Structure formats: C-alpha cells, structure tokens
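The block underneath contains the structure these notes are about, expressed in structure tokens.
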Protein chains: 2
Amino acid sequence: MFQQLFKSIQEKVVLTPEEMELCKTFFIPKKLRKKQMLLQEGDICIYNAFVEKGILRSFSMDEKGNEHIVQFAIEGWWITDLSSFLTNSNSIYTIEALEDSELLLLTTEAREALMDKIPMFERYQRLLLQNAYIANQARINSALTETAEEKYTNLGNAYPGIVKRVPQHMIASYLGLTPETLSRVRKQITNRI
Amino acid sequence: MFQQLFKSIQEKVVLTPEEMELCKTFFIPKKLRKKQMLLQEGDICIYNAFVEKGILRSFSMDEKGNEHIVQFAIEGWWITDLSSFLTNSNSIYTIEALEDSELLLLTTEAREALMDKIPMFERYQRLLLQNAYIANQARINSALTETAEEKYTNLGNAYPGIVKRVPQHMIASYLGLTPETLSRVRKQITNRI
DNA sequence: AAATTCTATTGATCTATGTCAAGTAAAATT
DNA sequence: AATTTTACTTGACATAGATCAATAGAATTT
C-alpha cells in the first residue's frame, strides 16, 4: 500500500524507521473506480492525494461546458486543488479517476501534524513544491511560446507515460487544443515522416 | 534595507530576534539600474532574489526574437529561474530590472544553510512555494479557458499594481498576446462603456 | 532643444486554430 | 450478441488573434 509513497519520500529525504511508521498512521487509504471523483467542482477540497496506483485528472469547466484539464497524476504523484485545500474555499476544479486507482489521502490537519512532528516530511513537501513550480513554469512558457505541434511533441517527449495512457482528446484538452486540431497535428506529423 | 523582507517573513512565520540577525548575514544586497540584468539567457542562475524596491521581469525569447514574459516581481516578491538555480543548468530566461531596483540575493548555498539553521525559514520558503504554485495553477487555467479580454481584465483586477506600472506591450507579452491585439481589446472595453 | 528611441494606435490582410457536422471504429455496458 | 457510448478522423467554413505597415505622441538620450 505504501510502496510508491516511501519510494517518493526516500528519493528526496531520509526518514527513520520510527518516522516511517508514524507517517503511515496519518494517511487514509482510498480506492476509486474509474470515473469516480475525489473532488467535485463547488466542494471544498479536503484531501491532498498521493497516487499509489492508477491515474487521475483535475479539470475546470467553462460556460460552454468544455472541460480544461489542468493536471494529470499517475503513480508516485500528488494531486489536489491546493488553493481550496489550504484556504477551505470552494473549488473550481473536479478531480476524477481515469482508471481504477489507489490513493493515500492526507487532510490539512494530518499534513500539518506530519510536518510539525517530522521536519523531514516538511522538507519533502517543500521539495515536491519546488518540482511542481518548475513544471508549471515550463508549462506557462510552453503556452506562451509554442505552436500546437510543438506542445504535442514536447509533451510526448517529457511524459510519454501520460500521452500513451490517456485518450487523445484529453491530451488535447491539457494542451489547450480541440480534439480536431490535435488529430490534424498528428496527421501532419505522420505524413511528414 | 530589510524592511520588505522581514515584513514578508513575519506574515508567514515567527523568527526570534537572533534568528533575524543571523538571517541578515546570508543575504547579499544588490542595486540594479533600469534595464540592467540579474540573469542572462544561457547563464546559470546563481541567485534567488527578493525585491526590496523596484520591479523586475523574467522572459524567454523565441526563434523569431519575440520576448515572452513569464514573471513580474515587485516589492515583497521573489524572482529567480528556479530550475537553473536548483540544478545549475543553463537558463532559458533573462531577468531584467524594469526600474531602478534594490534586491537581496541568496545563493543556493546560503539558502540551504538558512533552511538548515532556521527551520522556520524553510517553512517560510515552503509557504512561498505554495502561494506560487497556486498562482501558476491559476495562470495555466486562465491560459486554457479565457479570451484575450478576460485575461486582461482579470489580470488588472488581480494585480492592478503591475498593470499600472509596466508598459502595455509587456502586459500583452505576459498574457500571450501581441501589443496590437491588447490595444484593440482595450479599445473595445472603453467603447463599450 | 534636437535627435533618437520607445510606446501605443489603427488599418488591411493573413493564418492557425476553432466550430459544426458527418461517419466510422472501438470499447464498454446491458 | 446487441446496444450504447466513447474515441477519433475528415471536410467545409468561421473567427480570434497575428502580422505587416504606417503614424504620431511621449519619453530618453545626446
């Protein structure tokens, strides 16, 4: 149940065996079937979720009913609406499982208690945030500078696991493209080879 | 020299007077004149900069020579290329002062030493990263869902200080628009009133 | 104060991507 | 196995925003 989590933690910091045992007690295991939701738009996001198995997406919906995917999370990644989670505000995002998934959940209180009791857990969280910040910065730069085709090929190079595993129209949504445009972009790429 | 910095820290955590004194010794004060650079594209970003006074931007350049602004930083904000700063890689960004500015610089080593010696400084860094993450997430969602006009009005509402203080074509660049398009968007808005 | 550079505006035209609609194949559900 | 839903593709057409070019006022620099 905790393999992926401890792998993720140990890549960044060192915990004592006692700390690891303590750590376990704070997480709530949760299974989600495909299409089940961890968070619904309008609700308050009370969990920070670590993905042990499966894949999830978070997305917002515009007035026309179009979904816009802001994040994917596969094994070893975290997902939440941080803004809603930290400020108890209503979320504008929905978080949904794209496959049957196994999660480890932290409430705000559990997360804070863990950080107070285990300083290295706070460091782990900081290091995660640094990586997420860098990834988001890169994505913003990509949105500002790249064409549809560049966005798609670069995503495929950076995260082949996600592009292979997720329906194409969701990749389009994540890149800010329509499914039709992505289909045409892919056609152009294959025609060129 | 340290007013803004301690204001920023004290909004998030509590430091003892001794810790505050210790803290000061790690920062390098630096003044930049308008148009001077803190970081040039291709160089390694060796500083994490806190803005005591003034305003800076970080931007990337595409093949056509167009600049794309990824961040502004005014008094009380931090700016760096985190990816380059943390991994000693060559930066794809340039960081430049838009007005005469006063900065407090931290090297990677100084930042790490501070976090080791003052746990609350690490917490402060984590809380900064959380806020930055939320802001970046919002910007990604904005890029995916909003029209040119919505982007502009929302930015003006969220950060009036920046929109007033910076040339219009730089606001356009930050929003991923051409200066011409932003000019037309603004005209439409005023015509409508 | 003259010269230069920067900034914003406007018009004409272009283009990348979006929209709408139809058709097929594959997957999931009953 | 049949039905329904989901996924992807393709064509025709529309449009938001980009590009190119010209102008003019402000702000800087000399």
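Letters go in sequence order (proteins before strands), and every chain restarts at 1. Please read these numbers as outputs of a predicted model, since none were measured by experiment.
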Q: Measure from the side-chain heavy atoms of A:K187 and tell me the nearest of D:dG11, C:dT7, D:dT19.
A: D:dG11
**Q.** Candidates C:dT19, D:dG17, C:dA8 - which lies nearest the side chain of B:A148
**A.** D:dG17
Q: Could you tell me the separation between the CD atom of A:E149 and the C1' atom of C:dA16, rounded to a whole number of Å?
A: 12 Å
Q: Would you indicate, yes or no, if C:dT17 has its OP1 or OP2 atom less than 4.0 angstrom from a side-chain nitrogen or oxygen of A:T178?
A: no
**Q.** Contact nearer the 5' end of DNA chain C, comparing A:K64 with A:K35
**A.** A:K64
Q) A:L177 side chain: which of C:dG18, C:dT9, D:dC8 is closest? A) C:dG18
Q. Of A:S183 and B:G176, whose nearest nucleotide on DNA chain D comes first from the 5' end?
A. A:S183
**Q.** Sugar-phosphate, base or nothing in reach of B:L182, heavy atoms under 4.0 Å
**A.** nothing
Q.
Can you measure A:E180 atom CD to C:dC20 atom P for me and round it to whole angstrom units?
A. 10 Å
(Q) Could you walk me through whether A:E96 and A:R57 satisfy the salt bridge (charged side-chain N to carboxylate O under 4.0 Å, His left out) test, starting with their C-alpha distance in whole Å, then the side-chain angles of each, then the deciding distance to 0.1 Å, before giving a yes or no? (A) CA-CA 6 Å; A:E96 180 203 54; A:R57 64 166 179 155; 2.9 Å; yes
(Q) A side-chain contact here means heavy atoms from C-beta on lying under 4.5 Å apart; do A:Y152 and A:N157 qualify? (A) no
Q. Taking only side-chain nitrogens and oxygens of A:Q168, does any of them come within less than 4.0 Å of OP1 or OP2 of D:dT6?
A. no
Q. Rounded to whole angstrom units, what separation is found between the CZ atom of B:R184 and the P atom of D:dT15?
A. 18 Å
Q: Could you walk me through whether A:F59 and A:Y93 pass ring-ring contact (aromatic ring centres under 6.0 Å, His included), step by step?
A: CA-CA 5 Å; A:F59 62 93; A:Y93 304 109; 9.0 Å; no
(Q) Could you check whether any side-chain heavy atom of B:R165 comes within less than 4.5 Å of a side-chain heavy atom of B:I55, counting everything from C-beta outward? (A) yes
Q.
With heavy-atom distances below 4.5 Å as the criterion, would you say the side chains of B:N48 and B:W78 are in contact?
A. yes
Q: Calculate the interatomic distance between B:L98 atom CG and D:dA27 atom P; express it in whole Å.
A: 17 Å
**Q.** Rounded interatomic separation in angstrom, taking CZ from A:R186 and C1' from D:dT10
**A.** 14 Å
Q) Where the side chain of A:P167 is defined as all heavy atoms beyond and including C-beta, which of D:dA7, D:dG17, C:dT17 is the nearest nucleotide? A) D:dA7
Q: Rounded to the nearest angstrom, tell me the gap between atom CD1 in B:I171 and atom C1' in C:dA8.
A: 14 Å
Q. Atom NE2 of A:H169 to atom P of D:dT5: distance rounded to whole Å?
A. 16 Å
**Q.** Separation of atom CE in A:M170 from atom P in D:dC8, rounded to whole Å
**A.** 9 Å
